[in-house]
Amino acid sequence: MNVVFMGTADFSLKGLVALCENHCNVIAVYTQAPKPSGRKQKIHKSAVHEFAESKGIAVFTPKSLKKAEQIEIFASLKPDLAIVSSYGLIIPQNMLDIPKYGFVNIHASALPRWRGAAPIQAAILAGDKQTGITIMKMDAGVDTGDIISMQYVDITSKTNHGQLSEDLGNLGAKMIIETLSDLDNLLANAQKQPNEGATYAQKISKESCKIDWNNSTTDVLRHIMAFSPAPGAWSEVDGLRIKILDADVVSASSNFEISAANIGEIFENKGEMFVVCRDGILKITKIQPAGKNAMNGSDFLRGRKNLVGKIFS
RNA sequence: CGUGGGGUAGAGCAGUCUGGUAGCUCGUUAGGCUCAUAACCUAGAGGUCGGAGGUUCAAAUCCUCCCCCCGCAA
């Protein structure tokens with residue numbers, strides 16, 4: 001069976017790797033076009049792109065799939081099945097119709113919750129206790145297709161975006177292999193996806209990564225975990241831009257004197273770093289000032305004692 | 001040639017402008033104090049100051065080139 005893989009994010013790479021390891025005939029890979037990125041504005045290829053090239057698989061990087069020309073190219077590959085995993089482009093109906101088995105999508109949430117662009121972050125931000133992977137048939141809507149299979153992954157207060165992406169990537173890879181092993185049957189038995197309970201994950205922006213210390217400790221912590229390690233929840237103090245990559249809620253039973261009263265104020269206790277939120281205190285355990293590598297909170301404070309008493313804004 | 005910061009002991013930093021014996025906090029090692037300790041006291045170990053040239057009596061510091069890390073922006 002000829003398979004075309006479409007994906008861009010690191011999350012999707014695991015699926016492609018699994019397909020190759022399981023001797024699927026991946027005839028082509030679609031991924032977002034390399035564009036100038038990074039510090040020197042160098043052209044960077046996506047991880048999917050690099051991997052596909054290393055395997056000698058043909059790579060296509062159209063900027064849009066809507067043009068007739070792209071439809072023709074796709075058709076000429078004579079695909080039997082297309083697998084999509086956080087690819088980033090909308091696939092038009094007349095392309096969806098081409099493969100005999102259609103398009104199958106690996107989506108990083110338990111649909112219909114968190115349809116859309118950033119489902120992993122959305123689940124953490126919302127405080128969901130679970131999220132998952134949904135394998136579904138694609139239709140013209142945004143993540144509205146019939147569900148082939150779904151499996152769940154737990155989210156705890158210590159689950160960050162990086163870890164969850166990796167776990168979901170592994171799960172997605174495993175599930176897509178299982179799907180292929182029984183494709184006819186599973187496709188025939190796919191369940192209609194309910195619209196009830198559907199939510200949409202907004203794309204994340206730089207501004208939405210900024211920490212609002214006026215929120216509760218739980219909300220601030222979720223915010224931190226949802227964007228860690230990248231792009232990183234951030235805040236500013238003393239003109240310095242700082243990313244907070246990991247933290248803990250200080251439990252109410254911890255009995256140390258809180259001398260700091262202002263929201264966003266930094267204070268120190270036994271060498272550890274703490275910040276005041278609306279309803280409590282967060283211990284900062286991993287932090288990255290602009291221009292430096294990530295370090296733990298106490299190391300950060302050691303060299304910058306002058307920041308104690310300053311307010312994050 | 002998008003743009004800014006950084007590389008000094010295991011960690012985080014000061015020192016660089018204005019050249020003159022390598023510092024601080026923490027950790028670590030040994031000893032002491034203590035009912036006890038993450039507390040305190042004493043002593044010690046630990047550095048090619050990112051690399052290579054150059055200037056100089058003398059370079060972490062000034063000049064040139066290179067390597068690496070990171071922030072912003074895309």
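Proteins come first, then strands; the chains are lettered A, B, ... in the order of their sequence lines, and each starts at number 1. Note that this is a predicted model, so its numbers are computed, not measured.
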Could you give the [atom1]-to-[atom2] distance, from [X] to [N], as a whole number of Å?
{"X": "Lys35(A)", "N": "G2(B)", "atom1": "NZ", "atom2": "C1'", "result": "16 Å"}
{"X": "Lys286(A)", "N": "G12(B)", "atom1": "NZ", "atom2": "C1'", "result": "16 Å"}
{"X": "Glu272(A)", "N": "G12(B)", "atom1": "CD", "atom2": "P", "result": "16 Å"}
{"X": "Ile242(A)", "N": "G12(B)", "atom1": "CD1", "atom2": "P", "result": "15 Å"}
{"X": "Ile284(A)", "N": "G12(B)", "atom1": "CD1", "atom2": "P", "result": "18 Å"}
{"X": "Leu240(A)", "N": "G4(B)", "atom1": "CG", "atom2": "C1'", "result": "13 Å"}

**Prompt:** Got a sec, which residues hit side-chain contact (heavy atoms from CB on, under 4.5 Å) with Ser149(A), two or more places apart in sequence or on another chain?
**Reply:**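 side-chain contact (heavy atoms from CB on, under 4.5 Å) check on Ser149(A) returns Ile135(A), Met175(A), Thr179(A).
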**Prompt:** Does the side chain of Ser37(A) reach to within under 4.5 Å of the side chain of His44(A), using non-hydrogen atoms?
**Reply:**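 In short, these two side chains touch, coming nearer than 4.5 Å.
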**Prompt:** Can you find a pair of side-chain heavy atoms, one from Met295(A) and one from Pro289(A), that are under 4.5 Å apart?
**Reply:**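 When only atoms from C-beta onward are counted, Pro289(A) and Met295(A) do touch, with a gap below 4.5 Å.
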**Item:** Gap in Å between the two C1' atoms, one belonging to C69(B) and one to G12(B), rounded
**Value:**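 Those two atoms are separated by 16 Å.
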**Asked** Heavy atoms under 4.0 Å, any strand shown: does Gly271(A) hit a base, just sugar-phosphate, or nothing?
**Response**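 It contacts nothing in the nucleic acid.
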**Request:** Could you run through nucleotides 66-71 of chain B and give me one letter per nucleotide, 5' to 3': B if any protein heavy atom sits under 4.0 Å from the base, S if only the sugar-phosphate is that close, - if neither?
**Result:** ---SBB
**Complete:** Readout for nucleotides 22-28 of chain B: B = base within 4.0 Å of protein heavy atom, S = sugar-phosphate only, - = neither; 5' to 3' it is ---BS--
For residues 56-80 of chain A, which side-chain donor-acceptor pairs fall under 3.5 Å, sequence neighbours excluded?
| unit_1 | atom_1 | unit_2 | atom_2 | d |
| --- | --- | --- | --- | --- |
| Ser64(A) | OG | Lys66(A) | N | 3.1 |
| Ser76(A) | OG | Ile73(A) | O | 2.6 |
| Asp80(A) | OD2 | Asn2(A) | N | 2.7 |

**Request:** Applying ring-ring contact (aromatic ring centres under 6.0 Å, His included), name anything that partners Phe312(A), two or more places apart in sequence or on another chain.
**Result:**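 Here the qualifying residues are Trp213(A).
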**Asked** Any side-chain donor-acceptor pair under 3.5 Å between Ser216(A) and Asp279(A)?
**Response**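 No, no side-chain donor-acceptor contact under 3.5 Å.
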Which pairs of donor and acceptor atoms, one on a side chain in residues 302-310 of chain A, lie under 3.5 Å apart (sequence neighbours left out)?
| unit_1 | atom_1 | unit_2 | atom_2 | d |
| --- | --- | --- | --- | --- |
| Arg302(A) | NH1 | Asp299(A) | OD1 | 2.7 |
| Lys310(A) | NZ | Asp238(A) | OD1 | 3.4 |
| Lys310(A) | NZ | Asp238(A) | OD2 | 3.2 |

**Asked** Does Arg113(A) pair with Asp128(A) as a salt bridge, N-O distance under 4.0 Å?
**Response**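 Result for this pair is yes, salt bridge flagged.
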